[in-house]
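Following: one structure in structure tokens, then a few remarks.
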Amino acid sequence: MTRKNQLAGDAHWWRNAVVYQIYPRSFADANGDGIGDLAGIISRVDYLANLGIDAVWMSPFYPSALADGGYDVDDYMDIDPRIGTLDQFDELVQRLHEKSIRVFVDVVPNHSSDRHEWFKQALAAAPGSPERERYIFRDGRGENGELPPSDLASHFGPEGWTRVPDGQWYMHLFTKEQPDFNWDNPQVEEYFLKTLRFWSDRGVDGFRIDVAHALKKNLSPLPDRDSYALSVMKDDGTDPLFDRDEVHEVYRGWRKVFNEYDPPRVAVAEAWVHPHRRPPYASEEGLGQAFNFDLLASGWDAAQFKSVISDNLAMSVETGSSSTWVLSNHDVIRHATRFAIPGYGLSPDSFDLENQWYVQHRMDHDLDLAAGLARAKAATLLMFALPGSSYIYQGEELGLHDVVDIPSDQMQDPQWFRGEGKFKSRDGCRVPLPWESSGSSFGFGPGGSHLPQPEWYANVAVAVQEGDSKSTLSLYRQALKLRRELYQSDELEWLDLGPGVLGFRRSADWICVTNFSHEPVEIASKVLISSTEIVDGLLQPNSTAWLSSL
Ligand code: GLC
Ligand code: CA
């Protein structure tokens, strides 16, 4: 059966969409319990429409004990009562669709939470039972099975196996509250097809697929692993835990479900794989689009930006998909702060450097935050000029910095608690948004805020920026409006503008120039928009401008 939704028509809307990520617990709180909710999002639909985005992606809103910020799902076909109801969800979809804003929801197929009905049944059942076969249970090693079945760490810390009272162990690539599903069990496969239909029937337009490169595993022999660095992952489809070729059979099945709808539902893969392994995730037979996180790992450097952009545009030609671009999300230090971290992006593993900086310096940092913000605005304006779709994260339109100095005892992120002092906390980008410059939670809601908000929020609140044509919010709004007018095709032609200056032409009357150097650059033509003011025809360092010609 083919079902229509209100925004039927263009099946290719996603190709150059600007998608705004909402972290529901931290966007807007309508009932004052300190936790963002669907009613809060509904109350801000006009804000989203005025921003000029094409779609929103909501991070998990499912019932959850929040062992991993909601990526531990108790029930894939319901809403956490603290966040809202299915009726409110339907209302939100309707309200967004009325404004021509599409909706992505987050699907977490690698693991459920340990409060999921199936996991409870598995614990209640005996070793070897069909109930346990939906997850990955094994006997331990050692005389009495007291040692874990293999030497497997998890992403967030030491152990990747947890023992249950009858002596068996279950596997979890993330926290112990996130047991991995057994994707060789057809029931698991069917359950997710049902989940995709459940949300598609409610009018959802697309899905963001969490750790899409996991799911299928080769468990004989049981794998050992002590690091999740990309360099450790095999790049030929034979890694026992990630990016196995069989995972694409799963997504071919999902694609059939997407195509039952009009327009077809779409998906974007979160797949942390070697770049040359990304294409099948983005293929038309698969999920259709895959995140490219290369800008998250780039420093403020013209050469790095240029190679990331050219490589990914070449890859999108290969896959027939469009490229995606990401500067911030709920898992990384916000880009306004990241671009101020000395040396960031110049090391082969920028994420290690980010973690080290965070662990050592977060409480007494002397970052040049003004330079970081200027670079962030310039990078965003550059990103909005690129062919393909941009994924932006709530609060970046306010130029928010990461709240790096949250006291340890108020943090929530398991990566911080389980990481033995090696990993950053992701709470700093998840602090509830400032809507007003005063009030108990800066207008986030009538009550408090589930993470502490910093005093400097008063200066960057939405209410302050709305009235200021030079604010970061105004820049985002103006840029997205212009982008709609200027975007004609996916063509991009590089211009040679000298060292440290990156320029490209998108059409006869749309040129983007970014100054990564330390010297101002002369601009002799009409400026359409710029991330910092052009004075005396000069584009300042850490700035981007769109020009109508050269
Ligand atoms: C993804 C999410 C992250 C989560 C992890 C486990 O990487 O983006 O927030 O912790 O998956 O589900
Ligand atoms: Ca609430």
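Each ligand, and each atom within it, is numbered from 1 in the order the structure gives.
- Remark: R278 fails to qualify as a cation-pi partner of W272 under the 6.0 Å distance and 45° angle criteria applied to the six-membered ring.
- Take the N/O/S atoms of D37: the one nearest the Ca ion (ligand 2) is OD2.
- Checked against the Ca ion (ligand 2), the N, O or S atom of D33 at the shortest distance is OD1.
- When you scan the N, O or S atoms of D29 for the one nearest the Ca ion (ligand 2), you land on OD1.
- Using a 4.0 Å heavy-atom criterion, the residues that approach ligand 1 are D68, Y71, H111, F156, F174, Q178, R208, D210, E270, H330, D331, R426, R430.
- Note that R134 lies in the cation-pi zone of W118, set by a 6.0 Å cut-off to the ring centre and a 45° limit from the axis.
- Judged purely by distance below 3.5 Å, without hydrogens or angles, the side chains of W416 and S408 pair a donor atom with an acceptor atom.
- Between I83 atom CD1 and R25 atom CZ the span is 3.5 Å, to the nearest 0.5 Å.
- Ring orientation note: the planes of F207 and F258 are close to parallel, at an angle under 30° on the 30°/60° scale.
- Once rounded to the nearest 0.5 Å, the distance linking CD1 of I41 with CD of E91 reads 12.0 Å.
- Rounded to the nearest 0.5 Å, atoms CH2 (W199) and CG (D106) are 11.5 Å apart.
- Among the backbone and side-chain atoms of I35, an N, O or S atom lies under 3.0 Å from the Ca ion (ligand 2).
- Between F89 and F61, the two ring planes are tilted [angle within 30° to 60°].
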